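Down below is the structure, laid out as structure tokens.
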Amino acid sequence: MMSALCFVGSAKAQETSDPQKETVIVDEFTRTTAVPSYLTEGIRANVIEGFVSKGRFHVVDALTNDALKALSAKRVAEDNVDASNVMNSESEAVYKSLGAKYLIKGKVTDRTVTREKDVLSDSYSWYSKISLSLTVYNILDGSTVASKNIQLTGVNSDSSEKADMNAVEDAKKEMRSFVDANFKFKTFIEMIESADKKKGAKELYIVGGNEMGIKKGQVFKVYYVKQIGSRTTNQEIGALKADEVMDGLTKCNVTKGGVEINDIFNSEGRDKLVIESAGNTREKVGGFFGF
């Protein structure tokens, strides 16, 4: 088994309820005067697309939801947004009434456009750089889940406007890694389909399929939930690759750790194994899919 351990809290039984879609609210984005409103709107739309395309979120748009629009109308524009002014009794009640767990705030802080010469081709191109600050809050307790400053870039030989729009499109790529890094999909093994003495588990089924946005070729890490004294650890022991995606289930090939997975599943039960998305989805035919 791998030696890396991650402590996850005091000892308790691992929950194996079916994974559920989580509700996220994407709030109105703020901007500085250096950034035109249409660019901010385009970036925000791509942030929303990042969550929607994952397939396992209910996304609430604060600009179209009536309750959130009314809340926004009462709010004074914030220069500096943090947990202390995001969450108050009124906003918390509205967020929770929508069943939301996460609030996404964004601010587009800077934009620069330059025209530069390519020394190899002896031609000029427009370069756009736009700075985006994203913060995710846990609505249940107001804590900050994630915060990242993202540099969006776009290049075009025809015009600065097209370079700007390419920078806006760059938000789609950046959201792939942001969502994968901060919103891990977690599930468990339903059953082992095939195994042998030498390689252990070879094929198995995990809970969650089309309805959770799983794609053929998607890879997962397998963790052993191990108790050490009063603490619980997650120890990485293996890896899976989705082979057949169905409604509610996904058949996976075991690419690493088959012996450990088989032994733990049969001796200690599925509660001791956590499956987590590894943020890398590939199709056997058709290329790369980041979401």
Side-chain angles (χ1 to χ4, degrees), residues 1-22 54-56 176-177 179-291:
M1 293 184 183
M2 296 182 67
S3 59
L5 297 177
C6 175
F7 281 93
V8 295
S10 58
K12 61 180 180 179
Q14 177 68 27
E15 295 181 0
T16 53
S17 58
D18 287 8
Q20 302 293 319
K21 291 190 177 185
E22 294 177 326
K54 259 307 188 184
R56 54 186 172 86
R176 294 182 185 128
S177 59
V179 175
D180 280 336
N182 298 295
F183 295 87
K184 298 290 187 181
F185 171 71
K186 294 184 180 181
T187 187
F188 58 93
I189 297 171
E190 178 66 17
M191 65 171 287
I192 293 177
E193 173 74 1
S194 63
D196 59 35
K197 292 183 179 179
K198 184 178 181 180
K199 294 184 178 180
K202 298 191 295 182
E203 296 176 314
L204 54 80
Y205 289 92
I206 64 172
V207 176
N210 292 313
E211 79 290 349
M212 298 304 292
I214 296 177
K215 302 295 184 182
K216 183 177 180 179
Q218 187 167 343
V219 294
F220 302 88
K221 293 181 179 181
V222 183
Y223 293 91
Y224 173 35
V225 182
K226 185 176 182 180
Q227 184 176 327
I228 300 178
S230 63
R231 306 286 292 176
T232 303
T233 70
N234 279 356
Q235 181 179 6
E236 184 180 340
I237 63 167
L240 312 173
K241 185 177 182 181
D243 181 56
E244 182 181 356
V245 185
M246 297 158 276
D247 291 335
L249 290 170
T250 297
K251 186 177 181 180
C252 297
N253 295 319
V254 180
T255 59
K256 185 178 181 181
V259 173
E260 292 91 341
I261 293 169
N262 192 59
D263 289 348
I264 294 169
F265 184 85
N266 289 314
S267 63
E268 301 185 54
R270 69 183 187 184
D271 290 2
K272 294 296 183 179
L273 294 169
V274 173
I275 313 303
E276 184 177 281
S277 59
N280 183 11
T281 306
R282 293 182 183 274
E283 291 273 5
K284 290 183 179 179
V285 179
F288 180 78
F289 289 80
F291 290 114

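All values below were derived from every heavy atom in this structure, side-chain atoms included, with hydrogens, water molecules and symmetry-related copies excluded. Counting begins at 1 with the first residue of the sequence. Note that the structure is a prediction, hence the values are computed from the model and not measured.
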For the residue pair [X] and [Y], what are the closest heavy atoms and their distance?
X: Val245; Y: Lys215; result: CG2-C, 3.8 Å
X: Pro19; Y: Val207; result: CD-CG1, 3.6 Å
X: Gly208; Y: Thr250; result: O-OG1, 2.7 Å
X: Ser277; Y: Gln218; result: CB-NE2, 4.0 Å
X: Cys252; Y: Ala242; result: SG-CA, 3.9 Å

Is there a side-chain contact between [X] and [Y] in this structure, where contact means two heavy atoms from C-beta onward sitting under 4.5 Å apart?
X: Asp18; Y: Gln20; result: yes
X: Ile189; Y: Ile261; result: yes
X: Ile214; Y: Phe220; result: yes
X: Phe185; Y: Arg56; result: yes
X: Leu240; Y: Thr255; result: no

Counterpart residues, side chain to side chain donor-acceptor pair (under 3.5 Å), relative to [X] (two or more places apart):
X: Ser194; value: Glu203
X: Asn210; value: Asp247
X: Asn262; value: Asn266

Discussion item. Does Val225 form a side chain to side chain contact (heavy atoms under 4.5 Å, CB included) with Asn234? I'd like the steps, not just the answer.
Written reply: CA-CA 5 Å; Val225 182; Asn234 279 356; 3.6 Å; yes
Rounded to the nearest 0.5 Å, what separation is found between the [atom1] atom of [X] and the [atom2] atom of [Y]?
X: Glu260; Y: Leu273; atom1: CD; atom2: CG; result: 10.5 Å
X: Glu268; Y: Asp263; atom1: CD; atom2: CG; result: 9.5 Å
X: Glu244; Y: Lys216; atom1: CD; atom2: NZ; result: 8.5 Å
X: Ile237; Y: Lys272; atom1: CD1; atom2: NZ; result: 12.5 Å
X: Lys221; Y: Lys184; atom1: NZ; atom2: NZ; result: 6.5 Å
X: Thr233; Y: Lys226; atom1: OG1; atom2: NZ; result: 6.5 Å

Worksheet entry | salt bridge (Lys or Arg N to Asp or Glu O under 4.0 Å) against Glu22, all qualifying residues, sequence neighbours excluded |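 Salt bridge (Lys or Arg N to Asp or Glu O under 4.0 Å) list for Glu22, sorted by chain: Lys101.
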Discussion item. I'd like to check the salt bridge (Lys or Arg N to Asp or Glu O under 4.0 Å) partners of Glu276; sequence neighbours left out, ordered by chain and number.
Written reply: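 Listed in chain order: Lys186.
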Worksheet entry | Lys199 atom NZ: more than 12 heavy-atom contacts under 6.0 Å |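 Result for NZ/Lys199: open.
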Worksheet item: Who passes side-chain contact (heavy atoms from CB on, under 4.5 Å) against Met191, sequence neighbours left out?
Response: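 Glu193, Tyr205.
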Worksheet entry | Pair Lys21 + Glu211: basic N to acidic O under 4.0 Å |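 Looking at Glu211 together with Lys21, the answer is no, because their closest N to O distance does not fall below 4.0 Å.
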